[in-house]
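Residue numbering restarts at 1 for every chain, and letters A, B, ... go by the order of the sequence lines.
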There are 2 protein chains.
Amino acid sequence: MVAGAAELIGARGVGATSVRELAKFTGAPLGSTYHYFPGGKDQLVEEAVGWVSGRIEKLLSRTGDQGALAVLDAFIANWREFLIASDYQASCPVLAVATEDTVTAGPASAAFSRWHDLLVEVLRREGVAPKRADRLAWLIVGSIEGAVVMSRSQRSPEPMEAVAAELRGVIREAVKA
Amino acid sequence: MVAGAAELIGARGVGATSVRELAKFTGAPLGSTYHYFPGGKDQLVEEAVGWVSGRIEKLLSRTGDQGALAVLDAFIANWREFLIASDYQASCPVLAVATEDTVTAGPASAAFSRWHDLLVEVLRREGVAPKRADRLAWLIVGSIEGAVVMSRSQRSPEPMEAVAAELRGVIREAVKA
DNA sequence: GTCTATACGAAGATAGAC
DNA sequence: GTCTATCTTCGTATAGAC
């Protein structure tokens with residue numbers, strides 16, 4: 001159900017995702033939703049953000065040993081698949097929450113921060129200077145999130161792949177320097 | 001009123017911005033809104049996107065002669081001011097529409113595309129190779145949009161400035177190459 | 001042309017039958 | 001514990017008095 005919430009929120013945004021629809025979407029009755037999620041919609045949104053964030057963090061620690069380029073490739077491949085499989089309906093639920101909501105913005109903010117910090121670690125392990133790693137990590141997180149929206153909006157993998165190509169260049173240069 | 005719509009949509013998203021609130025926000029009665037915007041909320045959203053897009057395009061053509069770095073600086077300065085002045089409530093309405101809505105996604109998609117094309121022109125005038133200019137333009141548009149969300153989310157100009165610093169490096173390198 | 005009052009549906013949430 | 005029926009509030013949109 002949390003996964004369903006993440007999917008719907010990513011695709012249509014928080015405001016456009018009603019608890020009713022979500023219940024129908026996941027096959028659960030409306031009442032049960034409030035039994036399992038007494039906090040209502042806010043709790044559901046929060047758990048969806050946490051769930052996605054956890055998955056991203058797993059991906060980061062799984063590929064982190066192989067360096068920042070491997071992380072980037074894993075992200076891009078993942079998003080490419082998601083976007084195409086959903087016919088360009090999917091998007092990042094964390095970004096959606098961060099853009100829309102103000103109540104549950106805390107967890108979204110924390111998620112971005114965690115992703116950034118994990119990326120900084122990866123970059124520093126590859127010898128990138130601390131200050132540079134900090135800046136580069138924000139570029140990577142920010143531009144991938146932005147690129148997902150661009151690609152979804154253009155209904156084409158091209159923007160995302162363009163961003164990936166440029167990021168690869170920057171990462172290679174930063175690691176070498 | 002269109003400006004107010006853009007502001008509210010940027011801050012709270014499309015779904016969370018009701019026509020009622022917007023009328024109150026701009027001081028207009030609810031009925032008048034439907035007199036001037038017979039298309040209702042959809043028309044309002046669409047015009048807000050068009051209005052913002054026009055402003056961005058103006059900024060692009062005004063600073064474009066001075067090169068991509070000047071464009072970047074203008075954007076960052078603009079967003080910095082907006083974010084701080086709004087106590088990190090502001091965000092890009094076009095991104096909000098592109099993330100949330102499906103009906104009015106067309107104009108948002110067109111806006112991104114136009115910004116990209118204008119940036120490609122600027123880059124090519126500075127001698128950047130066509131293919132590279134295309135990719136780099138997507139990186140710039142995507143990462144600035146992403147960076148605005150990151151900075152808003154972190155309630156700090158830092159992510160945006162980090163992205164700007166990295167972009168400056170990439171642009172300088174691309175122009176030189 | 002401007003605005004108030006209202007229609008109608010859908011939202012979040014809950015009470016209470018099973 | 002599960003689910004249906006319902007309460008209240010707020011959404012978009014409009015009708016019709018000025």
Side-chain angles (χ1 to χ4, degrees), chain A residues 1-52 89 91 93-108, chain B residues 1-52 89 91 93-108:
Chain A
M1 183 143 207
V2 172
E7 186 179 335
L8 281 186
I9 290 170
R12 318 200 261 191
V14 180
T17 302
S18 71
V19 179
R20 275 184 156 80
E21 277 177 320
L22 176 59
K24 190 173 279 183
F25 182 70
T26 57
L30 182 60
S32 299
T33 308
Y34 285 93
H35 178 73
Y36 288 107
F37 302 91
K41 189 175 183 177
D42 286 348
Q43 184 186 352
L44 221 30
V45 171
E46 206 170 309
E47 297 211 14
V49 168
W51 183 76
V52 173
Q89 300 291 303
S91 179
V94 181
L95 187 77
V97 171
T99 325
E100 283 184 65
D101 222 71
T102 44
V103 189
T104 42
Chain B
M1 182 142 209
V2 173
E7 188 180 333
L8 281 187
I9 290 169
R12 319 200 260 193
V14 181
T17 301
S18 71
V19 180
R20 267 186 161 82
E21 277 176 320
L22 176 60
K24 190 173 279 184
F25 183 70
T26 57
L30 182 60
S32 298
T33 308
Y34 285 93
H35 177 73
Y36 288 108
F37 302 91
K41 189 176 184 176
D42 286 349
Q43 185 185 352
L44 222 30
V45 171
E46 205 171 311
E47 296 210 16
V49 168
W51 183 76
V52 172
Q89 299 292 303
S91 178
V94 181
L95 186 78
V97 171
T99 323
E100 282 183 65
D101 221 72
T102 44
V103 189
T104 43

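- For Y34(B), counting side-chain heavy atoms from C-beta on, the closest listed nucleotide (dA13(D), dC3(C), dC3(D)) is dA13(D).
- For the pair R12(B) CZ and dC10(D) P, the computed distance is 13 Å after rounding to whole Å.
- For S18(A), the listed nucleotide lying nearest its side chain is dG12(C); candidates were dG12(C), dC3(D), dA13(C).
- Atom NE2 in H35(B) sits roughly 5 Å away from atom P in dT2(C) (whole-Å rounding).
- A donor-acceptor pair under 3.5 Å is formed between the side chain of T26(A) and the backbone N or O of L22(A).
- Between the P atom of dA10(C) and the CG atom of L30(A) lies a distance of 15 Å, rounded to the nearest Å.
- Taking atom CD of residue E21(A) and atom P of nucleotide dG11(D), one finds them 17 Å apart after rounding to whole Å.
- Taken from CG in L95(A) to CD1 in I9(A), the straight-line distance is 12.5 Å, to the nearest 0.5 Å.
- As a whole-Å value, the separation of L22(A) CG from dA13(C) C1' is 15 Å.
- Of the inter-residue distances, the one linking S91(A) atom OG with R12(A) atom CZ reads 14.0 Å to the nearest 0.5 angstrom.
- Heavy atoms of F37(A) sit nowhere under 4.0 angstrom from any nucleic acid atom.
- Close to dT2(C), at under 4.0 Å from its OP1 or OP2, lies no side-chain N or O of S32(B).
- The side chain to side chain contact (heavy atoms under 4.5 Å, CB included) test with V97(A) singles out one residue from V49(A), T102(A), V103(A), and that residue is V49(A).
- Remark: P of dC10(D) and NZ of K41(B) are 15 Å apart, rounded to the nearest angstrom.
- Within 4.0 Å of T33(B), counting heavy atoms only, lies no atom of the nucleic acid at all.
- Using a 4.0 Å heavy-atom criterion, one finds that G40(B) contacts the sugar-phosphate atoms exclusively.
- Taken from CD in E100(A) to OG1 in T17(B), the straight-line distance is 9.5 Å, to the nearest 0.5 Å.
- In this structure, CD of Q43(A) is placed 16 Å from C1' of dT14(C), rounded to the nearest angstrom.
- Using a 4.0 Å cut-off, some side-chain N or O of Y36(B) falls inside it from OP1 or OP2 of dT2(C).
- Between the CZ atom of R20(A) and the P atom of dA5(D) there is a distance of 12 Å, rounded to whole Å.
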